[in-house]
Asks: 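Please read through the structure below; I'll follow up with questions.
This is a predicted model, so every value here is computed, not measured. Order of the sequence lines fixes the chain letters, A, B, ..., with proteins taken first and strands second; residue numbering starts at 1 for each chain.
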Amino acid sequence: MDSTILGGWIAAGLTLFMFSSLYKDNPFYRFGEHLYLGLSVGYIILKVIYANIIGGLYKPLFEDHQYMLLIPTILGLSLYTRFFPKIAWISRITFAFIVGYGSGLTIPRIIAGGIFQQIEKIITPLGKTGATWWEVFSGIVIIIGVASVLIYFFFSVEHKGIINKISRVGIYFVMIAFGASFGYTVMARMSLLIGRSYDLIEFATPKYYYATIVLLVLMVLILILYESMRKKEEGSEANA
Amino acid sequence: MRNYPAMILLVILLFLFIPISLPAQESVSPTPIAIAETPSEFQAYDTPNDCLSNISISWKAMSPESESIQYVVSIDKSADGKFEQEADKFPSVYNWKSDKEWPFWVSGTKEGYHYVELNILQQFPPLTQAELNKKKAELQKVRSEIEKAKLDNKDYSEANTKKLVLMDDLKILENKISKEKAEIKAKTYYFKVTAVDKNNQVLFTSPVLSAQTQNNGFNQSLLINFLAMIFLCATVLWFISHAKKNKNLFLRRINGLDAVEEAVGRATEMGRSIFYMTGITDMSDIACICATVILGKISEKVAQYDSQIKVPHRDPIVMTVCQEIIKEAYIKAGRPDAYKSDSSFYVTGDQFAYTAAVNGMMMREKPAASFLMGSYAAEALLLAECGATTGAIQIAGSDSTDQLPFFITTCDYTLIGEEFYAASAYLSREPVLVGTLKAQDFGKLFVLAALVIGAVFSLAHMPWIIDIIKDFS
Amino acid sequence: MDQFKKLAPLIVAFVMGVFFGLQYYIPHPFTDDLLTGMSKWFIVIGGIAMGLGIVSLFYSHIYKIKRRAPAWGFSFVMFIALFTMLGVGIYCANAEVITETGKQTIYGWLYQSFMVPLQSTMFSILAFYVASAAFRAFRAKTKEATLLLIAAIIVMFARVPMGEAIYAQIPTFQVGGMTIPPTIGNITGWIMKTINMAAQGGISLGICLGVIAMSLKIIFGIEKSYMGSTK
Amino acid sequence: MSGFLKKMSDLDKRVIFVLISLAVIIPLLYPLFIEINVNPEVKAVYDTIENLPNGSTVFLAMDFDPSSKPELYPMAEAVLRHCFRKNHKVIGMTFWVTGVGLGEKALTDIAKEYNKEYGTDYLYLGWKAGGYALVIQMGEEGIAAAFPVDHYGRETASMPILQKITHLKNIDYLVELAAGASIGTWYYYGKMKYKFKMGGGCTGVMAASWYNLLKIDWINGFMGGLRGAAEYEKLIDKKSKATRGMDAQSVSHMLIIAMIILGNIAYFANRAKGNK
């Protein structure tokens with residue numbers, strides 16, 4: 001049983017465990033869920049130790065004498081004041097540090113990358129030299145769409161009269177767009193399932209000693225047993 | 001809505017005709033030569049929008065121009081020097097000002113003007129540069145020695161001390177070189193542009209130009225962006241003070257937010273918990289901050305209804321902030337004892353392990369209500385569909401436009417984009433927060449106006465106007 | 001002292017917000033090094049904060065085991081998986097593959113055999129949920145829902161070869177250089193490039209304004225509930 | 001009939017899940033080979049390999065790993081079948097350490113199908129740390145210098161396939177199957193300097209952006225996602241994994257559409273019965 005065969009059995013088993021959640025919550029899914037939880041936290045702790053602590057803090061601080069890194073260390077440690085109610089307020093300075101940084105950084109970039117670029121992307125095709133009438137028509141449709149969606153999102157204006165009609169147009173644009181992008185992504189989601197099905201079919205071949213089939217049958221039997229046992233238990237509890 | 005249009009027109013006119021004065025230089029009359037039209041309007045000035053040691057030289061193109069005629073830009077430290085140092089040489093059909101990514105108020109007229117940028121430090125490099133590069137190479141060698149020694153775990157303490165000594169030398173050298181660079185940058189330099197033909201025959205020489213590099217404190221290309229930020233800040237602050245005065249500002253209904261009360265009430269009747277998810281991002285992202293702010297308002301209602309809220313997390317800092325927020329909400333609702341510290345707990349950082357765990361909890365506990373707030377990726381549909389099948393009332397609020405279609409189809413109510421950001425103001429109805437909504441409306445009106453006017457100008461084929469809203473970062 | 005406790009975070013948030021707001025407009029190299037420096041700082045803060053997450057996770061699961069809560073056995077499974085991955089990872093010095101030979105280490109095998117199937121299976125459940133969500137949600141209850149439904153069906157129909165094959169049966173005729181009805185690819189292309197872009201544009205412009213308003217509220221200390229207790 | 005409609009409107013979602021799994025698994029086992037029309041960019045890759053004189057050398061860079069195997073692995077198999085049928089020599093390699101096993105499996109399986117000889121007809125260099133440095137080395141000092149030993153640890157300099165084809169500039173066509181951004185490495189450090197022809201394949205989500213690469217002719221053609229692979233399989237008329245995958249896509253999409261329509265019919269029928 002070299003490592004690829006064993007790997008196949010594990011992959012087939014875990015795949016069936018997680019798919020069993022589609023039936024209903026059962027011990028197999030619960031096992032897979034907690035196994036995945038433990039593995040992922042272990043993996044993250046490992047990355048934090050090697051990348052954040054050793055790579056990001058210990059080496060630069062102690063080997064390269066970058067003493068500026070003491071400040072984030074203190075900020076990070078201040079989060080642990082949460083466990084001492086009297087000095088818990090210190091951790092709020094770290095919150096303010098992170099939140100302030102995020103807010104300050106966002107504003108100019110959102111103006112440039114969000115508002116300016118978006119408007120430019122909408123209006124430049126209109127002025128393109130040699131644009132066919134169809135391109136200009138589509139450009140105008142886009143402008144009408146954007147304008148009506150913006151008007152739909154007005155908060156301080158009652159949706160009645162002309163405003164109501166325009167925002168209706170806006171909502172129609174939004175709904176067609178959401179329907180279209182929903183339909184567009186179905187193919188990508190399906191190809192994920194096609195990929196898993198290929199693997200399951202491959203693991204059901206003699207090369208892998210029919211792993212998928214054996215595991216599937218075992219799971220179904222155990223589940224039936226588990227269900228009947230639970231029913232008996234509930235039955236005895238009910239009349240006990 | 002009556003005084004808005006007037007204000008907008010005023011502001012837009014302000015933008016269109018900003019009297020931005022170009023950096024002042026003297027322009028000199030050309031000397032006559034055989035060429036039909038000689039190069040003219042020679043200018044040399046510090047390159048705007050940077051803190052490097054660059055000097056820009058621009059001049060109006062001569063005619064005729066061809067591959068064979070070459071321009072030579074020479075540089076010298078004094079006005080009456082011999083100008084032997086050749087800074088740049090190129091055929092006269094290249095190096096145009098229009099290639100430069102500058103808006104019209106920085107570049108002035110672009111068509112038909114040549115443009116060259118010279119780095120003073122490259123023309124006159126500081127003397128200690130060579131020594132500095134040698135020292136850096138040495139340090140790199142010592143570092144790789146230490147790495148190798150570490151691998152076959154030999155003693156590397158001796159190499160380590162050598163490294164620290166080298167690092168100190170480097171610091172001294174770096175200070176010395178930066179002083180030298182400052183001196184070089186401070187001087188004024190003199191330039192000459194000559195047009196030569198194939199066999200280096202001088203056809204034309206420009207008068208002597210002079211310029212000095214400066215550190216520009218402000219990137220002029222981003223002027224409109226800066227003005228927009230100041231304008232939006234002023235709008236927000238003005239509407240907030242305005243809102244303090246008259247409290248009853250009209251706000252249209254957002255049915256997602258009216259359902260919050262109903263959802264929390266239902267959870268109490270059924271005696272089941274409420275799940276609240278804050279999204280995939282961390283505390284430095286505005287969507288996550290907004291999600292935690294909404295959590296504060298919702299947990300106040302949870303405290304009043306004495307229901308039970310669960311907030312599974314992926315990021316430890318967001319978890320800590322949420323613990324603080326929920327505790328505060330319980331105190332504000334006057335039920336500090338009912339607060340349970342494990343209502344906000346860490347699950348895992350991995351996207352799909354988190355989804356598997358939370359789906360498992362939802363299937364088992366069958367929550368009465370579940371809130372999906374903040375930014376989401378592919379796991380949005382997994383969480384929302386699983387919540388829907390356990391029969392919970394689901395209210396989603398997100399700014400991830402590519403996940404909104406899945407929220408729309410699986411959740412009972414969805415706050416689309418801006419509605420998600422307005423939620424905290426809606427739920428608290430504090431005049432100050434409602435004021436910011438008015439500011440957002442005003443901003444939208446402004447964006448709408450810019451869009452329409454931009455479209456008109458674009459259709460009229462006047463592309464220079466689009467410089468105003470172009471992103472030159 | 002109480003006053004300082006309340007004001008300190010607000011000042012920090014204001015100073016950080018204003019500084020990093022203006023930094024964008026100042027081309028001085030110092031401000032760029034600061035940005036890269038700041039990302040290094042957050043790696044450190046994030047790393048140290050991880051301890052809080054682990055404490056919370058261990059606390060809830062150990063509490064479940066001690067209390068013999070129903071199905072506490074699974075918390076054991078979680079701990080075993082956690083310490084195995086951590087132990088094997090440290091043993092292989094966080095290397096999934098030996099760089100010289102390209103051979104896979106035990107840690108690499110553990111990752112490939114367990115984490116990859118678990119992740120791709122969770123990802124592929126999306127295919128099932130897309131179908132059940134579509135079935136349940138696409139009901140022509142209102143005008144908007146009908147548009148949502150029709151747009152989704154058109155795009156789904158056009159994206160697959162069977163759809164193209166069926167659509168190709170419809171006879172087409174030329175009108176002034178334009179084929180009527182246009183190919184299904186062009187229809188979906190137009191919907192995605194025009195209608196979808198218009199709606200996405202409108203929504204994200206609104207989002208930008210919402211984000212700016214929220215950021216300003218934080219910088220000016222108007223929205224300070226993220227700091228929790230104001231006592 | 002109305003009983004059926006009643007049941008249809010609030011169908012238990014597990015019935016939908018069973019239907020979806022059947023709609024995916026059945027076409028994979030018993031393909032329907034639904035006709036697929038070929039796009040010009042896929043035909044371009046096919047024509048390039050088809051028009052190469054027999055026995056020329058194709059370099060196959062399989063820069064992907066299990067996560068994008070469903071879309072890119074069938075492309076590798078289709079291109080390999082085409083090359084071996086034309087007696088082209090194939091050199092395989094990958095930048096993705098996690099995908100080294102996939103590349104090896106594709107090469108050996110298809111080579112066995114056309115009983116090709118390792119070392120003379122095909123060679124698998126496997127993975128090595130270095131990224132663009134490897135491409136430069138293969139261009140300047142030669143392929144054997146960059147990979148002194150192949151994936152199996154055998155010495156490459158003496159292999160017959162590398163006698164005539166010593167450097168990157170000797171290869172006739174490079175096919176880059178990419179799940180990430182490695183096409184840039186192959187262009188800037190490879191094609192730009194050594195001027196070999198380049199084509200390739202990418203995942204469905206990247207297909208839109210690869211159209212610009214076509215316009216600025218980094219590549220002369222490419223296969224986009226599972227559909228691109230199925231089109232190539234049709235061209236070499238050896239319909240296998242990708243075509244079955246596209247059949248499964250067709251059936252599952254049509255199933256979802258049918259269910260939506262049925263759900264709505266049931267909804268309207270119940271509503272009509274409701275207010276009668």
Asks: State, to 0.1 Å, how close G145(A) and A198(C) come at their nearest heavy-atom pair, and which atoms those are.
Replies: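 That closest heavy-atom pairing would be CA-CB, 4.0 Å.
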Asks: In Å, rounded to the nearest 0.5 Å, how long is the span from CG of L14(A) to CE of M115(C)?
Replies: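 The distance works out to 11.5 Å.
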Asks: Any side-chain heavy atom of P108(A) within less than 4.5 Å of one from Y25(C)?
Replies: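 Yes - at least one pair of side-chain heavy atoms lies under 4.5 Å apart.
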Asks: Please classify the contact of R196(A) with chain C as side chain, backbone, both or neither, using a heavy-atom distance under 4.5 Å.
Replies: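 It is the side chain, since no backbone atom gets that close.
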Asks: Highest number of heavy-atom pairs under 4.5 Å with chain C: which of F95(A), Y50(A), F17(A)?
Replies: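 Between F95(A), Y50(A), F17(A), the count favours Y50(A).
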Asks: Do I107(A) and I219(C) come within less than 4.5 Å of each other through their side chains, counting heavy atoms only?
Replies: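 When only atoms from C-beta onward are counted, I219(C) and I107(A) do touch, with a gap below 4.5 Å.
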Asks: Give me the atom names and distance for the closest heavy-atom approach of V44(C) to G56(A).
Replies: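 Minimum heavy-atom separation between V44(C) and G56(A): CG2-O, 3.6 Å.
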Asks: Is it the side chain or the backbone of Y111(C) that comes within 4.5 Å of chain A heavy atoms, both, or neither?
Replies: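 Just the side chain, heavy atoms under 4.5 Å.
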Asks: With only heavy atoms counted, which part of A134(C) is less than 4.5 Å from chain A, the side chain, the backbone, both or neither?
Replies: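 Both parts, backbone and side chain.
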Asks: List the atom of K193(C), the atom of I142(A), and the distance in Å for their closest heavy-atom pair.
Replies: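 Minimum heavy-atom contact is O-CD1, 3.9 Å.
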Asks: Give, as side chain, backbone, both or neither, the part of L149(C) having an atom under 4.5 angstrom from any heavy atom of chain A.
Replies: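 Neither part.
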Asks: Could you give the distance from NZ (K47(A)) to CG (N94(C)), rounded to the nearest 0.5 Å?
Replies: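 Result: 4.0 Å between the selected atoms.
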Asks: For Y36(A) and M122(C), indicate whether the former's side chain and the latter's backbone hold a donor-acceptor pair under 3.5 Å.
Replies: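 No; judged by distance alone, with no hydrogens or angles, the pair does not exist.
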Asks: Please report the closest heavy-atom contact between T15(A) and P117(C), naming both atoms and the distance.
Replies: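 Heavy-atom minimum between the residues: OG1-CB, 4.5 Å.
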Asks: Heavy atoms only, distances under 4.5 angstrom: which of G76(A), S181(A), G113(A), A96(A) has the most pairs with chain C? Name it, please.
Replies: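 Ranked by heavy-atom pairs under 4.5 Å with chain C, first place is A96(A).
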Asks: Are the side chains of K121(A) and M197(C) in touch, meaning some heavy atoms are under 4.5 Å apart?
Replies: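 Yes, at least one pair of side-chain atoms sits under 4.5 Å.
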Asks: With a 4.5 Å cut-off on side-chain heavy atoms, are F114(C) and Y43(A) touching?
Replies: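 No - every pair of side-chain heavy atoms lies 4.5 Å or more apart.
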Asks: Please look at F14(C) and chain A and tell me whether the side chain, the backbone, both or neither of the residue comes under 4.5 angstrom of a heavy atom of that chain.
Replies: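 Contact with chain A involves no heavy atom of F14(C) at all.
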Asks: Name the region of T106(A), side chain, backbone, both or neither, that has any atom closer than 4.5 Å to a heavy atom of chain C.
Replies: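 The side chain, not the backbone.
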Asks: Could you list the donor-acceptor pairs under 3.5 angstrom formed between side-chain atoms of residues 200-209 of chain C and any protein atom two or more places apart in sequence or on another chain?
Replies:
unit_1, atom_1, unit_2, atom_2, d
Q200(C), OE1, T401(B), OG1, 3.4
Q200(C), NE2, N196(C), OD1, 3.4
S204(C), OG, Q118(A), NE2, 2.5
S204(C), OG, Q200(C), O, 2.9
S204(C), OG, G201(C), O, 3.2

Asks: Considering only heavy atoms from C-beta outward, does the side chain of I45(C) approach that of T73(A) to under 4.5 Å?
Replies: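 No - every pair of side-chain heavy atoms lies 4.5 Å or more apart.
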Asks: Applying side-chain contact (heavy atoms from CB on, under 4.5 Å), run through L118(C) and L39(A) and close with a yes or a no.
Replies: CA-CA 10 Å; L118(C) 282 166; L39(A) 290 171; 4.1 Å; yes
Asks: Is V130(C) in contact with chain A via its backbone, its side chain, both, or neither, using a 4.5 Å heavy-atom distance?
Replies: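 For V130(C), backbone and side chain are both near chain A.
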Asks: Do the non-hydrogen side-chain atoms of M190(A) and L126(C) ever get within less than 4.5 Å of each other?
Replies: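 M190(A) vs L126(C): side chains apart.
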Asks: Measure the CD1-CD1 distance between I110(A) and I212(C) for me, rounded to the nearest 0.5 Å.
Replies: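 Between I110(A) CD1 and I212(C) CD1, I get 6.5 Å after rounding to 0.5 Å.
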Asks: Is it the side chain or the backbone of V55(C) that comes within 4.5 Å of chain A heavy atoms, both, or neither?
Replies: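 Side chain only.
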Asks: Which atoms of Q23(C) are under 4.5 Å from chain A, going by heavy atoms: the side chain, the backbone, both sets, or neither?
Replies: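 Interface part for Q23(C): side chain.
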Asks: Among F173(A), W89(A), F83(A), F31(A), who wins on heavy-atom pairs under 4.5 Å with chain C?
Replies: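 It is W89(A).
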Asks: So what's closer than 4.5 Å to chain A heavy atoms on F76(C): side chain, backbone, both or neither?
Replies: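 Nothing of F76(C), per the 4.5 Å heavy-atom cut-off to chain A.
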Asks: First locate atom OG of S120(C), then atom CG of L192(A), and finally report the distance between them rounded to the nearest 0.5 Å.
Replies: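 If I round to the nearest 0.5 Å, the distance is 8.5 Å.
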Asks: Side chain, backbone, both or neither: which part of I218(C) has a heavy atom under 4.5 Å from chain A?
Replies: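 Interface part for I218(C): side chain.
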Asks: Can you see which heavy atom on A8(C) is nearest to which on I93(A), and at what distance?
Replies: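 A8(C) and I93(A) have their closest heavy atoms at CB-CD1, 4.0 Å.
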Asks: Parallel, tilted or perpendicular, judged at 30° and 60°: which one describes the rings of F97(A) and W41(C)?
Replies: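 Parallel: the ring planes of F97(A) and W41(C) meet at under 30°.
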Asks: What part of K217(C) is in contact with chain A, defined as an atom under 4.5 angstrom from a non-hydrogen atom: side chain, backbone, both or neither?
Replies: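 Looking at K217(C), nothing touches chain A.
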Asks: What residue in A51(A), G42(A), A180(A) has the most heavy-atom pairs under 4.5 Å with chain C?
Replies: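 Ranked by contacts with chain C, first place is A180(A).
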Asks: Let me confirm one number: the CD1-OH distance from I111(A) to Y24(C), rounded to the nearest 0.5 Å.
Replies: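 Taking CD1 in I111(A) and OH in Y24(C), the distance rounds to 9.0 Å.
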Asks: Could you go through the side-chain contact (heavy atoms from CB on, under 4.5 Å) check for I45(A) and L82(C) one step at a time?
Replies: CA-CA 9 Å; I45(A) 295 172; L82(C) 195 150; 4.1 Å; yes
Asks: With the side chain counted from C-beta on, respond yes when N52(A) and M50(C) share a heavy-atom pair under 4.5 Å apart, and no when they do not.
Replies: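 They are not in contact (no side-chain heavy atoms under 4.5 Å apart), so the answer is no.
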Asks: So for atom NZ, which belongs to K165(A), do other residues, nucleotides or ligands contribute more than 12 heavy atoms lying within a distance under 6.0 Å?
Replies: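 Not more than 12 within 6.0 Å, no.
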Asks: Name the option with the most non-hydrogen atom pairs under 4.5 Å to chain C; the candidates are R82(A), E33(A), R168(A).
Replies: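 Among the listed options, the one with the most contacts to chain C is R168(A).
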Asks: Counting only heavy atoms closer than 4.5 Å, note whether F19(C) contacts chain A via side chain, backbone, both or neither.
Replies: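 It is neither, since no heavy atom gets under 4.5 Å.
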Asks: Under 4.5 Å, counting heavy-atom pairs only, tell me which of L22(A), L57(A), I194(A), I143(A) racks up the most with chain C.
Replies: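 The candidate making the most pairs under 4.5 Å is L22(A).
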Asks: As an exercise, state the distance from CD of Q112(C) to OG1 of T4(A), rounded to the nearest 0.5 Å.
Replies: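 Atom-to-atom, Q112(C):CD and T4(A):OG1 are 13.0 Å apart.
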Asks: Between Y107(C) and chain A, with a heavy-atom cut-off of 4.5 Å, which part of the residue counts as in contact: side chain, backbone, both or neither?
Replies: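 For Y107(C), the side chain is the part near chain A, not the backbone.
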Asks: Distance to the ring centre below 6.0 angstrom and angle to the axis at most 45 degrees; does that hold for R159(C) and Y184(A)?
Replies: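 Verdict for Y184(A): a cation-pi partner in R159(C).
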Asks: Between F19(A) and S124(C), which heavy-atom pair has the shortest distance, and what is it?
Replies: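 Closest pair (atom of F19(A), atom of S124(C), distance): CZ-OG, 3.4 Å.
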Asks: Could you check whether the rings of F137(A) and W190(C) sit parallel, tilted or perpendicular, using 30° and 60° as the cut-offs?
Replies: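 Judged by the thresholds at 30° and 60°, the geometry between F137(A) and W190(C) is parallel.
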Asks: Check whether I191(C) gets within reach of chain A through its side chain, its backbone, both or neither, counting any heavy atom under 4.5 Å.
Replies: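 Side chain of I191(C) only, per the 4.5 Å heavy-atom cut-off to chain A.
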Asks: Could you pull out all residues at least two apart from R189(A) that satisfy side chain to side chain donor-acceptor pair (under 3.5 Å)?
Replies: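 R189(A): no side chain to side chain donor-acceptor pair (under 3.5 Å) contacts found.
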Asks: Using the rule given for side-chain contact (heavy atoms from CB on, under 4.5 Å), can you reason through Y172(A) versus L148(C), listing the C-alpha separation, both sets of side-chain angles and the distance that settles it, and then say yes or no?
Replies: CA-CA 8 Å; Y172(A) 293 156; L148(C) 189 83; over 6 Å; no
